[in-house]
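Reminder, nothing fancy here: chain letters follow the sequence lines and each chain counts from 1. Reckoned from all heavy atoms, side chains included, excluding hydrogens, waters and symmetry mates. None of these values were measured; they are calculated from a predicted model.
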Amino acid sequence: MNNETGFASFLDEMKWRGFFEQCTDEKALAELLTAETVTAYIGFDPTADSLHIGSLLPIMGLVHLQRHGHRPIAIVGGATAMVGDPSGRTELRSMLTLEQIERNLQGIKEQLSHYIRFGDGPQDGLMLNNADWLKDFGYLEFLREYGQFFSVNQMLTRDSVKTRMEHGLSFIEFNYMILQAFDFMVLNRDHGCRLQMGGSDQWGNICSGIDLTRRVNRQEVYGLTFPLMMTAAGTKMGKTASGAVWLAAARTSVHDFYQFWINVDDRDVARFLRLYTLLPRERIEELEKLQGADIREAKRVLAGEVTALLHGRDAADKAAEAARALFGGGGDAESIPSSERPEGDFAGDGLLLLEALVESGLLKSKGEARRMIRQQAVRVNGEVISDEMRALSAADIRDGRIALQVGKKRHHHILVG
RNA sequence: GGGGGGGUUCCCGAGUGGUCAAAGGGAACAGACUGUAAAUCUGUCGGCGGACGCCUUCGGAGGUUCGAAUCCUCCCCCCCCCA
């Protein structure tokens, strides 16, 4: 189809980039993909008004799909969010209100639009809310129309159910599979959707959808799953000091987002370049050859590319600039995260460093700030501070700013105005 | 419905009347070493106050006690077996 990607086919590219875990009837799917514009979908959870880095993999899956001339559908599980979060453990499942879901949906759509071209064209993406077709569906109606198509025996054999059986699962959780299968069937019926993609944990649900679609719509549809993303260190993808890495700049600043990728484990760089950037194959293979400290160059490319995709090239460049200023010497200090304070705050006894550290967001509490100071982790204008009661005064202002630093990586400038 | 087991700090998991803010491990953070990496060693790891201190926490609500995560009552949730 479209060859700006440098790959013969969508599946080829997915395999090379590491998205491909398994799929149903690969041969038939490959043929379908070369024969026509295929509509494919992935589901996202609207449990927050922003997606986080964990969703980046499926997002990129849709991006590649669209680049190969196919049509992506992002479906947001408004209906599933209405009945509760399946990942909840001991605590009550949080059930979101319709308004919350609507708000979250808008936030997510905004984010996805950085990656996917939405619109009315044949290859333009769609964003749909499954609440639209599930919300008013009556229980009896559902049972009457579709109950016969679901085999409990088969559902019980799904891995996703089996693993949950050990710790118990509620009827709600058991039903996600049915809801998701129903989504696939509806999307096929109303939008000609032929493929569902998702994490490997979705395999069972996807298969259920394929079965249902075959039975109800009498059409063959396909499934493709991505591998479970773990870091080389064996932890879940996307955690930092301050929690999850979000796509929303309001939750994770561009600077922190960029830094996240810079700080990736050496062993993950090659894999991440393939998965999270759109760089051509030759460029990535070139970067993969780098060894030792040179890998940092690959990390800079990775961080720059991933950040640019989400926040734009300008913002990514600024983040790179800040990084250079903080770690490389040189560079422009303007891009370092900062806050403003009136000059008056530094008159007389000045402002307690402890408070400045907390208010700047560098640290969570004064207790933590105290501990950090005790551990020689706090610097003001590059100087290690050992006095917990240290106050910031006019004497600390350099070029209209005071540079705070915690550890080696966390920086904040107070701009005095 | 009956019987048994269980819900502990971010996660796993000890603790069964005071010495428990709660063992141990993991994660995380910091210091040293480095390459803003990994590995390793060391330290920190509920909140507030300079410290001897105070406050909040062990599924929820009450109660017994000088004193409870630990005992009692009721409730909620989970697992297993029986019906």
Rounded to whole angstrom units, what separation is found between the CD atom of E368(A) and the C1' atom of C45(B)?
9 Å

Closest to the A323(A) side chain: U34(B), G49(B), U36(B)?
U36(B)

Just how far, in rounded Å, is P of A30(B) from CD1 of I373(A)?
15 Å

Regarding V269(A), tell me which of base, sugar-phosphate or nothing describes its non-hydrogen contacts under 4.0 Å with the strands shown.
nothing

Whole-Å distance between U36(B) C1' and L302(A) CG?
14 Å

R374(A) side chain, from C-beta outward: closest of A37(B), G47(B), A51(B):
A51(B)

Regarding Q202(A) and Q196(A), do their side chains bring together a donor and an acceptor under 3.5 Å, going by distance alone?
no

Re C41(B): Watson-Crick or G-U wobble partner, both distances kept under 3.5 Å, found to be G31(B)

What integer distance in Å separates R371(A):CZ from C45(B):P?
6 Å

If we take the P atom in both C54(B) and C20(B), what is their distance in whole Å?
15 Å

Nearest-Å distance, CG (L363(A)) to C1' (C48(B))?
16 Å

What's the gap between A22(B) and U9(B) when it is taken at their P atoms, as a whole Å value?
15 Å

From CD of Q376(A) over to P of U42(B), roughly how many Å is that when rounded to an integer?
19 Å

Please give the distance between the P atoms of C33(B) and G26(B) as a whole number of Å.
24 Å

For Q291(A) and E388(A), find the nucleotide of RNA chain B closest to each by heavy atoms; which residue's nucleotide sits nearer the 5' end?
Q291(A)

For D265(A), answer base if it contacts any base atom (sugar-phosphate contacts may also be present), sugar-phosphate if it contacts only those atoms, and nothing otherwise; contact means non-hydrogen atoms under 4.0 Å.
sugar-phosphate

For L354(A) and A51(B), what is the distance between atoms CG and P respectively, to the nearest whole Å?
10 Å

Distance-only donor-acceptor check, side chains N130(A) and D183(A), under 3.5 Å:
yes

Please tell me whether H64(A) and F10(A) form a close aromatic pair, meaning their ring centres lie under 6.0 Å apart.
no

What about D266(A): does its side chain form a donor-acceptor pair under 3.5 Å with the base of G35(B)?
yes

NZ/NE/NH1/NH2 to OD/OE distance under 4.0 Å, E368(A) and R371(A):
no

Under a 3.5 Å threshold, yes or no: a donor from one side chain and an acceptor from the other, between E102(A) and Q106(A)?
yes

In whole Å, measure the gap between the P atoms of U65(B) and U73(B) for me.
16 Å

Rounded distance in Å between the C1' positions of C77(B) and U40(B):
44 Å

Separation of atom CE in M372(A) from atom C1' in A28(B), rounded to whole Å
10 Å

Closest to side chain of K366(A), choosing from G47(B), C48(B), A51(B)
C48(B)

Any side-chain N or O of K408(A) below 4.0 angstrom from OP1/OP2 of A32(B)?
yes

Under a 3.5 Å cut-off for both distances, is U56(B) Watson-Crick or wobble paired, and to whom?
none

Pick the C1' atom in A51(B) and in U42(B), then give their distance to the nearest Å.
25 Å

Which listed nucleotide (C33(B), G35(B), A30(B)) is nearest to the side chain of R410(A)?
A30(B)

Do F182(A) and W133(A) make the cut of ring centroids closer than 6.0 angstrom?
no

Result for 5'-nearest mapping on RNA chain B, choosing between Q259(A) and R379(A), is R379(A)

